[in-house]
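Below, chain A is the first sequence line, B the second, and so on; all start at residue 1.
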Protein chains: 2
Amino acid sequence: MTDTDRLPQPAAADIDLVTVLHALGDPVRMTLLLSYADGAEHSCDPGGLGLEHLHKSTVSHHMRVLREAGVTTTRVAGRNRLVSLRRTDLDTRYPGLLDALLAAASS
Amino acid sequence: MTDTDRLPQPAAADIDLVTVLHALGDPVRMTLLLSYADGAEHSCDPGGLGLEHLHKSTVSHHMRVLREAGVTTTRVAGRNRLVSLRRTDLDTRYPGLLDALLAAASS
DNA sequence: GGGATGGGTGGATAATTGTCAAACAATCAC
DNA sequence: GTGATTGTTTGACAATTATCCACCCATCCC
């Protein structure tokens with residue numbers, strides 16, 4: 001309920017644009033972003049994300065980059081880590097950016 | 001007037017989103033983008049771009065990354081290389097993206 | 001408790017990248 | 001032509017990063 005069950009992430013006001021773009025300037029992480037675009041929470045299973053070719057620790061690394069950039073949030077639920085987009089925080093910090101990115105990525 | 005006086009760059013249709021984001025995910029290149037946001041042509045002088053601390057070859061390298069990503073175009077004019085934003089091409093390929101990026105970078 | 005499951009951690013390694021320096025190339029000014 | 005100006009290219013080097021592997025750590029289930 002509180003933040004104690006969330007992995008460390010920057011405050012909304014501390015989300016840095018260049019850091020976000022650096023995080024998204026990678027094909028694997030862009031794939032993850034598109035998976036998260038549905039707004040739902042996703043587990044870290046590489047198979048469920050179209051990343052079967054990558055080792056689970058590699059996927060874990062990419063998820064950490066996204067989270068530390070402020071793009072995603074990770075909630076700890078038992079054995080699972082549930083990752084989702086920080087859509088509200090991103091929209092507040094950089095209005096229109098996420099929509100433009102998702103539209104561009106989907107084209 | 002033809003393309004012969006322009007340095008190599010991708011066709012508008014070949015501009016790749018992840019490549020663009022990778023190019024902009026660097027503080028120096030984001031600084032360059034903001035300089036180019038006025039739509040004018042700019043020379044490559046590091047001093048005129050707030051990059052006095054960088055060697056001219058380093059700036060040249062960053063400009064190449066931006067150009068090869070499709071973000072900028074470089075026109076050869078005598079000794080000068082005049083760099084400017086590919087605003088129309090970017091707006092056509094990814095509508096709204098450049099505006100959102102520039103708005104975010106200016107905030 | 002014991003095993004299985006979902007992920008993270010740390011080390012190793014190879015590839016990429018940011019930076020500078022020195023040399024080069026083309027153009028301009030005289 | 002001589003020299004100065006404007007950038008690019010190449011090489012070297014350090015830092016970052018993407019990936020895999022082996023191991024660890026919780027948690028869940030029986």
Engineer: Can you check the A:K56 NZ to D:dC23 P distance for me, whole Å?
Structural biologist: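 So the two atoms are 13 Å apart, to the nearest Å.
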Engineer: Would you mind telling me which of D:dC20, D:dT17, C:dG7 lies closest to the side-chain atoms of A:D45?
Structural biologist: C:dG7
Engineer: For the pair made of CG in A:D26 and P in D:dT16, what is the distance, rounded to whole Å?
Structural biologist: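 Taking atom P of D:dT16 as the reference, CG of A:D26 is at 18 Å.
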Engineer: Which nucleotide, D:dT8, C:dC20, C:dG8, lies nearest any side-chain atom of B:S60?
Structural biologist: D:dT8
Engineer: From C:dG7, D:dT6, C:dT9, pick the nucleotide closest to the side chain of B:N80?
Structural biologist: D:dT6
Engineer: Between D:dA18, C:dC28, D:dT17, which nucleotide gets closest to the side-chain atoms of B:R79?
Structural biologist: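 So the side chain of B:R79 is nearest to C:dC28.
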Engineer: A:H42 NE2 to C:dG6 P: how many Å, rounded?
Structural biologist: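 A:H42 atom NE2 is separated from C:dG6 atom P by 17 Å.
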Engineer: Which pairs would a plain distance check flag for residues 43-53 of chain B, meaning a side-chain donor or acceptor within less than 3.5 Å of a matching protein atom at least two apart in sequence or in another chain?
Structural biologist:
residue : atom : partner : partner atom : Å
B:S43   : OG   : B:D45   : N            : 3.4
B:D45   : OD1  : B:G47   : N            : 3.3
B:D45   : OD2  : B:G48   : N            : 3.3

Engineer: So which one's nearest nucleotide on DNA chain C is more toward 5', A:H55 or B:V65?
Structural biologist: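 The residue mapped nearer the 5' terminus is A:H55.
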Engineer: Select one nucleotide: of D:dT9, C:dT19, C:dG8, the one nearest the side-chain heavy atoms of B:S57.
Structural biologist: D:dT9
Engineer: Any side-chain hydrogen bond (donor to acceptor under 3.5 Å, both in side chains) pairs touching residues 20-31 of chain A, not counting sequence neighbours?
Structural biologist: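 Matches after skipping sequence neighbours: A:R29-A:H62.
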Engineer: Of the nucleotides C:dG7, D:dT8, C:dT19, which has the atom closest to the A:C44 side chain?
Structural biologist: C:dG7
Engineer: Does the pair A:D99 and A:R87 meet the rule for a salt bridge (Lys or Arg N to Asp or Glu O under 4.0 Å), with working shown?
Structural biologist: CA-CA 9 Å; A:D99 285 340; A:R87 185 179 279 276; 3.4 Å; yes
Engineer: Keeping the roles fixed (side chain from A:Y94, backbone from A:L17), state whether a donor-acceptor pair exists under 3.5 Å.
Structural biologist: yes
Engineer: D:dT9 C1' sits how many Å from B:L7 CG, rounded?
Structural biologist: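 To the nearest whole Å, that distance equals 12 Å.
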Engineer: In whole angstrom, what separates A:L66's CG from D:dA18's C1'?
Structural biologist: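 Atom-to-atom, A:L66 to D:dA18, this comes out as 14 Å.
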Engineer: Please report the distance, rounded to the nearest Å, between CZ in B:R67 and P in D:dG7.
Structural biologist: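 From B:R67 CZ to D:dG7 P: 14 Å.
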Engineer: Rounded to whole angstrom units, what separation is found between the CZ atom of A:R64 and the P atom of C:dG10?
Structural biologist: 8 Å
Engineer: If you assign A:R29 and A:G78 each to the DNA chain D nucleotide with the nearest heavy atom, which residue ends up on the more 5' nucleotide?
Structural biologist: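 Whichever sits nearer the 5' end wins; that is A:R29.
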Engineer: To the side chain of B:H22, which of C:dT9, C:dA22, C:dT17 is closest?
Structural biologist: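 The nucleotide sitting nearest to the side chain is C:dT17.
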Engineer: Figure out the NE2/C1' separation between A:H61 and C:dT13, and round it to whole Å.
Structural biologist: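 Nearest whole value for this atom pair: 14 Å.
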Engineer: So, A:R67 side chain and A:T72 main chain: donor-acceptor pair closer than 3.5 Å or not?
Structural biologist: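 Side chain of A:R67 to backbone of A:T72, a donor-acceptor pair under 3.5 Å: no, none is there.
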